2 protein chains.
Amino acid sequence: MANRIAVALNALADPTRRTIFERVGAAPGAVGEIAAGLPVSRPAVSQHLKVLKEAGLVTDTPDGTRRVYRLDPRGLGALRDWLDRFWGDQLGAFKDFADQQESSE
Amino acid sequence: MANRIAVALNALADPTRRTIFERVGAAPGAVGEIAAGLPVSRPAVSQHLKVLKEAGLVTDTPDGTRRVYRLDPRGLGALRDWLDRFWGDQLGAFKDFADQQESSE
DNA sequence: CGATTCGGTTAGCCATGGCTTACGGTAAGC
DNA sequence: GCTTACCGTAAGCCATGGCTAACCGAATCG
């Protein structure tokens, strides 16, 4: 479960991969379509999509010789849950600290 | 604004740095305290904290010769907002796709 | 079937970045 | 003031990983 977060964050850390991810998010499409307009070659995009897929961030659907990629909510959901843990735990603590700082000036 | 997401994701991508981040989240503390128990040296932790700080994920407060680190909600908030964009936009689209797949079986 | 299109895989190159060791600098304690 | 504790920084080493070029498999169309 922690590993899920690890691979997702690692996948989204790369700028090119994040661009690809956002592009798929804007509109599902085939590899060639996604690669068009990007400053990297098509095999590079293919490799990135593989990483994103293994991270549970995208899903692929065969369509003839093409292969359509779309977002996969599972990875997003895992990340969101992970982030929310910190919100509950530490935002309150930070607020206490901020108030304390303020009152001592 | 997009750069904010970039540095935050990049900072959280490294396993050691994520461990440090979670540790700070569990309990604010000094560098030495955080480094204790970790499989890396103290300077390494210091370098990681610098990255986390520049990513807006932690804040440091001088305390004598020590330096206390705590979570910074700004980075978390930026990440959360970024993730929420995808939820609104694409979860619906994915659901439509899933329903469509189901109806064609 | 041949030809074409589309896409995943491999090998290899090179840059990025995480780690350690050594150092310098500052604040507390005696 | 001198020592000690705590921490950030610099230099250098080495592994990870992203990229391209070349290859190969599969599906569609004439």
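Keep in mind that what you see is a predicted model, and the values were worked out from it rather than measured. Lettering follows sequence order; numbering is per chain, from 1.
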Exercise. Say whether B/L83 and B/L79 are linked into one hydrophobic cluster, either directly or through other cluster members, by side-chain heavy-atom distances under 4.5 angstrom.
Key: yes

- Does a side-chain N or O from B/S46 land closer than 4.0 Å to OP1 or OP2 of D/dT9, or not? no

- Task: Before giving the answer on side chain to side chain contact (heavy atoms under 4.5 Å, CB included), spell out for A/F21 and A/L76 the whole-Å C-alpha distance, their side-chain angles and the decisive distance to 0.1 Å.
- Result: CA-CA 11 Å; A/F21 177 72; A/L76 271 316; 3.6 Å; yes

Checklist line | Charged N-O contact under 4.0 Å between A/R70 and A/D60 | finding: no

Here the distance between atom P of C/dT26 and atom CG of B/D63, to the nearest Å, is 18 Å

Closest non-hydrogen contact found for B/A35 with B/V45 is CB-CG2, 3.7 Å

Separation of D/dG18 atom P from A/D14 atom CG, nearest Å, is 5 Å

Whole-Å distance, A/D60 CG to C/dT9 P, equals 10 Å

Does A/R66 have a side-chain nitrogen or oxygen under 4.0 Å from the phosphate oxygens OP1 or OP2 of C/dG7?
-> no

One would report the end-axis bend of the helix from C/dC1-D/dG30 to C/dC30-D/dG1, five pairs per end and rounded to 10 degrees, as 20°

Margin query: Under a 3.5 Å distance rule, please check whether A/R66 uses its side chain to pair with a backbone N or O of A/A30 as donor and acceptor.
Written below: no

Numerically ordered, the residues 33-44 of chain B set in heavy-atom contact under 4.0 Å with DNA chain D is B/R42, B/P43

Atom CG of B/L49 and atom C1' of D/dG8 are separated, to the nearest Å, by 11 Å

Is B/E33 paired with B/R23 through a side-chain N to carboxylate O contact shorter than 4.0 Å? no

Are side-chain heavy atoms of A/V7 and A/E54 found at a separation under 4.5 Å? no

From CZ of B/F21 across to P of C/dG18 the rounded distance in Å is 16 Å

From CD of B/Q47 across to P of C/dT21 the rounded distance in Å is 13 Å

**OP:** May I ask you to verify if any side-chain N or O of A/Y69 is less than 4.0 angstrom from the OP1 or OP2 atom of C/dG8?
**Re:** yes

Partner of A/L71 under side-chain contact (heavy atoms from CB on, under 4.5 Å), picked from A/L52, A/T59, A/V58, is A/V58

In whole angstroms, the gap separating P of C/dT9 from NE2 of A/H48 amounts to 14 Å

Contacts of A/G64 and A/R17 projected onto DNA chain D by closest heavy atom; the upstream (5') one is A/R17

| request: Give a yes or no on whether a salt bridge exists between A/D84 and B/R80, defined as a side-chain N under 4.0 angstrom from a carboxylate O. | output: yes

Query raised in the report: Is any side-chain nitrogen or oxygen of A/T65 closer than 4.0 Å to OP1 or OP2 of D/dA27?
Result: no

Between NZ of B/K50 and P of D/dC6 the distance, given in whole Å, is 22 Å

